[in-house]
Amino acid sequence: MKLLEEIIFELSKLSEDQLTNENLHQIKKNITKKYNVTALPTNIQLQKKYQELVNLWKIKENKALKFLLMKRKVRSLSGIVPIQVLTKPWPCPGKCIFCPDEARMPKSYISSEPWAQRALLNDFDPIKQVYNRLLSLQSSGHNTDKIEMIVLWWSFDAYPYEYKLDFIKKLYDACNTFEDVKSKLSLSSEHPKSARFTIDLDKLDIKLSSSLEEAQKINENAKNRIIWLTIETRPDLVTEENVRFWRKLGVTRLEIWVQSVFNDVLQANKRWHTIEDVKKALHLVRKYWLKISVHMMPWLYKSNPEKDIESFKILFEDPYLKPDELKFYPTSVIPNTELYDLWKKWDYKPITTEEIKYIVKKVKQNYIPPYTRIKRLIRDIPSQEIASWSKITNLRQLINQELLEEKDLLNDKYFMRLFCDNDYKVSIFKFTPNQEDLLKNPVDISTVRKYFHNNFVCLCTRCREIRNKTSALQMDNDMSILLVIRKYNSSVWEEYFISFETLEGYLIWFVRLLLPKDFANWEWLGENVALIRELHVYGLEQKIGKAEEWVQHRGFWKKLMYVAEQIAFKNWYKKISVISGVGVRWFYRKIGYNLEWTYMVKNLA
Ligand code: SF4
């Protein structure tokens, strides 16, 4: 269509700085007026046209323009696109009083939740769900070459072995075959508005692999690679046998429901596990160095604000807990639950917006350490499904706004918590282009203090990630980058959060290193093995030219791996090993790591 083409041509004449939402809107308005069309074209339509014109060599590739037209940019600003898939309805061993039970959904899911709808439309089929998401993400302009696959349902280990194996194998198959079949997939006329797709697999000639191992092998070099694989489970289902099976499947991250650290609260809500079970589970998961994401539920039955806040304090103090990531799920009252009956009998008072704001603010200001990421503040339940609770939808913005107003008051507190906290020891070094010199130039804390001015609403890795604030990189000045090493203890022993940060505290890259104390029983890796639990980059998926090239040119990822290896070596570890998603093994091979069992390993001697 001429109109779309003309808009793209106009946009492609603009410089990177001029490619703003305001200019985009104005150009859309001017050109649609000229064509006498009332509705403005969507960014998805323009994104499609842009790609077409690039493919036909009518315009040059323009990363800034592509980024401008991308829908929901935030999805890939962390460098990776998430894809959520839901497993089929199945009985859960838990009887939690707040948990909804809808016959056609896995327990606790409500069919009107976005990903639940998508799963239902696609018959809970893993291949259909993945195709659906990949198609939708690519049509909105996202790069899907690095995928975090998230398998939703709280009790993954309640399924039979064969179902779990088949489901995960098909996730790899779907990523491996998508590029061959995507031209045959189309938008369903039944659900045009929701932009969801229904797919008839029988009409597609899909070549599935013959085993999980084969599917994983193919995915190592596929266009759409799974670089993280997440599952969810209950603490009492975490056994050595299950954890080993997860590793075989390629699982790198576990989401686990803790909810409260108080046994009386867990019992009153019929969780059927204790906090001791949680600690045992997390210790085991850490021994296999998976990343740990914990869910907490403020305002459970028989809890109160003080207890809830204390729960978070303990969560970050107890070495058996200390999660890498955190989701807040404030309790809501949903029909067809025991909690709903208690509320009807006036035995439970639901939380108000002010109360949840109070709890979250206290926790953010006082307890979230700089190595943890807050992934969610609220569960995405459609408000019509909530019988009683604050139905607020923009909680994060509200809280962040209030915290921003207090940011000057928080300056000293946040500085101390970033660099001088009692719970972790901090070392700071100047960035040097030569990696051998990285640990040779310590920076005095008073120098950092001179430049520090708090910009953050909280210190979690999400609030500090650089995203598109590339101006904070000060690209003409290497001295604006610091190497910061934070060391703390977990149940397995010493953990290091090693990062490159700007002088203002924005995170560019980080690596999580674990030096375990007592691992003589590692029959497949031997003794004295240091463990890398995560290597992460922020803000590069957008690929908008200068900043990306600048960061790549500095080779930050290699330097971080070098620092981690040096720390392990100086502590007498003989080997270092990375928990790596299947789709990122090639990356570690480039720097001398080889596959041993399910980990990438390098000798340090
Ligand atoms: S374990 Fe999860 S899915 Fe099962 S009843 Fe409890 S909340 Fe619901």
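Keep in mind that this is a model prediction, so the values were computed, not measured. For ligands, and for the atoms within them, numbers begin at 1 and follow the listed sequence.
- Annotation for ligand 1: atoms under 4.0 Å from non-hydrogen atoms of Arg234 are 1 (S).
- Residue-level proximity to ligand 1 for Cys92 is carried by the side chain, the only part with a heavy atom below 4.0 angstrom.
- The shortest contact between atom 2 (Fe) of ligand 1 and any protein heavy atom is with Trp154 CD1, 3.4 Å.
- Among the backbone and side-chain atoms of Cys96, an N, O or S atom lies under 2.8 Å from atom 6 (Fe) of ligand 1.
- Contact check for Leu121 versus Asn132: no side-chain heavy atoms found under the 4.5 Å cut-off.
- Atoms of ligand 1 lying under 4.0 Å from at least one heavy atom of Gly94, given by number and element, are 5 (S).
- Scanning the protein for heavy atoms near atom 8 (Fe) of ligand 1, the closest one is Cys99 SG, 2.3 Å.
- Inter-residue side-chain proximity for Phe156 and Ile168 is flagged as met; some heavy-atom pair is nearer than 4.5 Å.
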I'd like to know whether Arg271 forms a side-chain contact (heavy atoms from CB on, under 4.5 Å) with Asp277, so could you lay out the CA-CA distance, the side-chain angles of the two residues, the decisive distance to 0.1 Å, and finally the verdict.
CA-CA 11 Å; Arg271 285 290 296 159; Asp277 295 328; over 6 Å; no
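- From Ile399, atom CD1 reaches atom CG of Leu404 across 12.0 Å, with rounding to the nearest 0.5 Å.
- By the neighbour-count criterion of 12 heavy atoms within 6.0 Å, atom CD of Glu276 is densely surrounded, having more than that number from other residues, nucleotides or ligands.
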